[in-house]
Amino acid sequence: PSHQGEAVFDLTVQTPLILGNQSSDDYELAYYTSEEGAEEGGATDKVITPSAYTNIENPQTIYVRVTNPDTGCYNITSFELQVYESPDPQSIDPLQACGENGSPATFDLSSVEPELLLGQDATGFSFTYYESQQLAEGQGQHIEDPTEYTASSQTVYVRIANVDNPECYEIASFDIETVPSFVVPQLEPYLLCDDISNDEFEPFDLTFLTGQVTNGDSSVSVSFYTSEANLENDDPIANPENFTNTVAGGQVIYIRATPPPNSLGTICPGEGTVVLEVSHHPVVQGLAALEECDGDSNGSALFDLTQNE
């Protein structure tokens, strides 16, 4: 395979095509790198070893002088040499993706193509992905959508071929690995008592929940969001230490817990929710004094305290 536009050709394989039904015993063939050399029939531009010739241009025209040694009659023909770049796949680290709750992950297999052909233009090659070496060799059933391939952990095989000449191909492989996402536990509602205004709005310190979310792991960062859309757009609450609920009586807060990257730089955050609740402040009415007669003049009497409920 060539990556520099050069290759070793056996020019003599063209002999049967040049002579057709004529016998090679009746003719002498000489190969030249120029038409002038072929016309002269001498040593100028003559290929010395036609069975192992390295091209000097790409593409390159080779001229052939076919001579009848008995009569000296000759004819000139030509053919082209074309060197197609072969892929030179590199060994790469496993491709990782995040999986939730033990489920398989979804991988974009095509994302590794520039890394596989480091130093080569990947646009000059086709990539076809398979689940086994045998399928890749035989061009059997391939992975139909490599940009959304769902699996756990396995080896993937890829047939990389030159788009202009599919015979110039290599088969490479790489591993895919599902990395578990961080698990955010189910949290109890976060309850605050309303103040005397009973307006159903209270300032919450959401960072109070951090330890519960991370189980005390200080390497995990936690962000809080007012909506699922804000979670998706990574627009967190700016001041979670002093967040006043925006919905009367409480609301759902969305949580993202992000662990540090693993050894390959993969980060798999987890998501969850917590319910904020503002409990109604009880209102106490002014009460009349309870009075009883002191029959035995000892300063004590029996009262029914429930009569003012």
- prompt: Is it true that a side-chain atom of Tyr31 and a backbone atom of Ser51 form a donor plus acceptor pair closer than 3.5 Å?
  reply: no
message: Is there a side-chain contact (heavy atoms from CB on, under 4.5 Å) between Tyr53 and Thr33? Walk through the geometry before answering.
response: CA-CA 11 Å; Tyr53 173 71; Thr33 58; 3.4 Å; yes
Minimum heavy-atom distance Ser219-Asp217, with the two atoms named: OG-OD1, 2.7 Å
- request: Give a yes or no on whether the backbone of Glu202 and the side-chain of Asn245 come within a donor-acceptor separation of less than 3.5 Å.
  value: yes
message: Exactly one of Gln134, Gln133, Gln139 should register a side-chain hydrogen bond (donor to acceptor under 3.5 Å, both in side chains) with Glu137. Which one does?
response: Gln133
task: Go through the side-chain N and O atoms of Tyr149 and Glu131 and say whether any donor and acceptor fall under 3.5 Å apart.
output: yes
task: First locate atom CZ of Phe107, then atom OG of Ser153, and finally report the distance between them rounded to the nearest 0.5 Å.
output: 6.0 Å
message: Is the shortest side-chain heavy-atom distance between Leu187 and Gln212 below 4.5 Å?
response: yes
task: Could you tell me whether a side-chain N or O of Gln22 sits under 3.5 Å from a main-chain N or O of Leu19, the two making a donor and an acceptor?
output: yes
- request: Kindly determine whether Val252 and Glu228 satisfy side-chain contact (heavy atoms from CB on, under 4.5 Å), including the steps that lead there.
  value: CA-CA 10 Å; Val252 175; Glu228 191 169 8; over 6 Å; no
- prompt: Closest approach of Thr106 and Glu148, non-hydrogen atoms and distance?
  reply: CG2-CA, 3.8 Å
message: Under the criterion side-chain contact (heavy atoms from CB on, under 4.5 Å), I'd like the reasoning laid out for Gln90 against Leu117: C-alpha separation, chi angles, the key distance, then a yes or no.
response: CA-CA 6 Å; Gln90 308 296 305; Leu117 291 185; over 6 Å; no
- prompt: Does a side chain donor of either Asn101 or Ser103 reach within less than 3.5 Å of an acceptor in the other side chain?
  reply: no
query: Which pair of heavy atoms, one from Arg159 and one from Ala136, lies closest together, and at what distance?
result: NH1-O, 3.0 Å
task: Heavy atoms only: give me the nearest Gln82-Phe9 pair and the separation to one decimal.
output: O-CZ, 3.9 Å
- request: Spell out, as yes or no, whether a donor-acceptor pair under 3.5 Å connects the side chain of Gln120 to the backbone of Asp88.
  value: yes
field: Exceeds 12 heavy-atom contacts within 6.0 angstrom, atom CZ of Phe79
entry: yes
- request: Please report the C-alpha distance between Asn233 and Tyr225 in whole Å, then the side-chain angles of each, then the deciding distance to 0.1 Å, and finally whether the side-chain contact (heavy atoms from CB on, under 4.5 Å) criterion is met.
  value: CA-CA 10 Å; Asn233 294 325; Tyr225 305 82; over 6 Å; no
field: Distance-minimising heavy-atom pair for Val213 and Ala257
entry: CG1-CB, 3.8 Å
query: Okay, side chain of Thr178, backbone of Ala151: is any donor-acceptor separation there less than 3.5 Å?
result: yes
- request: Indicate if Tyr254 and Tyr190 have the same hydrophobic cluster label, given that clusters are the connected sets of ILVMFWY residues with side-chain heavy-atom separations under 4.5 angstrom.
  value: no
message: When you measure from the side chain of Thr266 to the backbone of Asn262, do you find a donor-acceptor pair of N or O atoms at a distance under 3.5 Å?
response: no
message: More than 12 heavy atoms of other residues, nucleotides or ligands under 6.0 Å from CD of Glu100: yes or no?
response: no
message: Could you check whether any side-chain N or O of Arg65 sits under 3.5 Å from a backbone N or O of Ala38, counting only pairs where one atom can act as donor and the other as acceptor?
response: yes
query: Same cluster for Phe182 and Phe224 if Ile/Leu/Val/Met/Phe/Trp/Tyr side chains link at under 4.5 Å?
result: yes
- prompt: Is there a side-chain contact between Tyr32 and Ile76 (heavy atoms, below 4.5 Å)?
  reply: no
Donor-acceptor pair, side chain of Asn55 and main chain of Ala7, under 3.5 angstrom: yes
message: I'd like to know if the side chain of Glu85 reaches the main chain of Cys168, judged simply by a donor and an acceptor atom lying under 3.5 Å from each other, with no hydrogens or angles considered.
response: no
field: Side-chain H-bond candidate by donor/acceptor type, Glu39 with Tyr74, under 3.5 Å
entry: yes
- prompt: Donor-acceptor pair, Asn58 side chain versus Val83 backbone, under 3.5 Å?
  reply: yes
